[in-house]
Amino acid sequence: MAAVRVRQHVNPLSKKYQTPASPQDLEKIYAKPNQPLHLDIGCAKGLFLLNMSKIEPNWNFLGLEIRQPLVVEANKLRSELGLTNLHYLFCNVNNSLHSLLSSLPPGSLQRVTIQFPDPWFKTRHAKRRVVQPELVADLANYLAVGGLVFLQSDMEFVAVEMRDRFAAHPAYQKVGTGEWLAENPLPVSTEREIYTQNKGEPVYQALFIKREVVNEE
């Protein structure tokens, strides 16, 4: 992949990123649109999804990223490799997720990953973090029953916030009894995950499964 100079952090609340992405037609994106869909929120250069799409050809993969130059390069590489189960989309997930999810065929979204999102350390910037209660609720409405949400960060306070927001929603059941997972359940690790672990530093990981919520009258 060509080297692309982009800002490391992009403010999703800035005016530049307030136009929601258009709904997507899976029939026009994927060679086999009826395959289960894996959504990666904040895919950066997209190498995680690229490797996943090779390992799991019976899945479709969609990466969302707010830094447009990364999306352009990722889609270019995907086309060069001829991967027909992979697509990247430039969008601000904080204002685009609902319209994107509502355009998906029912039951198609079966796995979601949110990995090493921008931490936005200052309290006054907390609204810029990607895992807001609205995002958790939107995913709950469209993720298939039995679908998975995998979260990870090398910043403990970010991981705790993400984990606790999913745990607070009745649609999700945390997998495992420990505070964090002992290992990544997916067959591919991100570059940041490998880099952090090679330094001997912890990565905080949590997995949730979508359960069927029965409304009691």
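Along the sequence shown, residues carry numbers from 1.
- Within the 4.5 Å cutoff, side-chain heavy atoms of P117 are placed close to those of M162.
- No side-chain donor from either of N85 and Q35 sits under 3.5 Å from a side-chain acceptor of the other.
- Tracing side-chain contacts under 4.5 Å through hydrophobic residues (I, L, V, M, F, W, Y), one reaches L135 starting from L109; they form part of the same cluster.
- Note on E65 versus K45: no salt bridge recorded, every NZ/NE/NH1/NH2 to OD/OE distance being 4.0 Å or above.
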Start with the C-alpha gap between N60 and L26, add the side-chain angles, then the distance that decides, and say whether side-chain contact (heavy atoms from CB on, under 4.5 Å) holds.
CA-CA 9 Å; N60 289 330; L26 300 192; 5.7 Å; no
Dump the intermediate steps for side-chain contact (heavy atoms from CB on, under 4.5 Å) on L101 and L139, then the final yes or no.
CA-CA 8 Å; L101 294 177; L139 289 176; 4.0 Å; yes
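- Test V203, V160, L151 against W180 for side-chain contact (heavy atoms from CB on, under 4.5 Å) and you get one pass: V160.
- Residue Q197 qualifies as enclosed at atom CD: its count of foreign heavy atoms under 6.0 Å is above 12.
- Within a 6.0 Å sphere centred on NZ of K199, other residues, nucleotides and ligands contribute more than 12 heavy atoms.
- Heavy-atom contacts from other residues, nucleotides or ligands closer than 6.0 Å to CD of E183 number 12 or fewer.
- Across all their heavy atoms, P170 and R211 have their closest contact at O-NE, 2.9 Å.
- Annotation for L100 and S103: closest pair O-OG, 2.7 Å, computed over non-hydrogen atoms.
- Taking the six-membered ring where the residue is Trp, H98 and Y142 present perpendicular rings, their angle passing 60° and hence far from 30°.
- Salt-bridge formation is detected for the pair E56/R111: a Lys NZ or Arg NE/NH1/NH2 atom is positioned less than 4.0 Å from an Asp or Glu carboxylate oxygen.
- Shortest non-hydrogen contact noted between Y88 and N75 is O-ND2, 2.9 Å.
- Annotation: side chain of R163 is in contact with side chain of E179 (closest heavy-atom distance under 4.5 Å).
- In this structure, C43 SG and L89 CG are separated by 9.0 Å, a value rounded to the nearest 0.5 Å.
- In the hydrophobic clustering of this structure, L207 groups with M52; members are Ile, Leu, Val, Met, Phe, Trp, Tyr whose side-chain heavy atoms approach within less than 4.5 Å, directly or through other members.
- Under the 4.5 Å side-chain criterion, counting only non-hydrogen atoms from C-beta, L181 is in contact with F150.
- Residues L148 and V112 fail the side-chain proximity criterion, which asks for heavy atoms closer than 4.5 Å.
- Heavy atoms only, all atoms of each residue included: M155 and S153 are closest at N-OG, 2.9 Å.
- A donor-acceptor pair shorter than 3.5 Å cannot be found between the side chains of E193 and Q115.
- Across every non-hydrogen atom of V71 and F90, the tightest pair is CG1-N, 3.6 Å.
- Two different hydrophobic clusters hold F116 and F157 under the rule that ILVMFWY side chains link at heavy-atom gaps under 4.5 Å.
- A heavy-atom distance below 4.5 Å is found between the side chains of L47 and E191.
- Pairing each heavy atom of V130 with each of V93, the nearest pair is CG2-CG1, 3.2 Å.
- Residues L50 and L81 are in side-chain contact: their nearest non-hydrogen atoms beyond the backbone lie under 4.5 Å apart.
- Linking Ile, Leu, Val, Met, Phe, Trp and Tyr whenever their side-chain heavy atoms come within less than 4.5 Å leaves I194 and I55 in two separate clusters.
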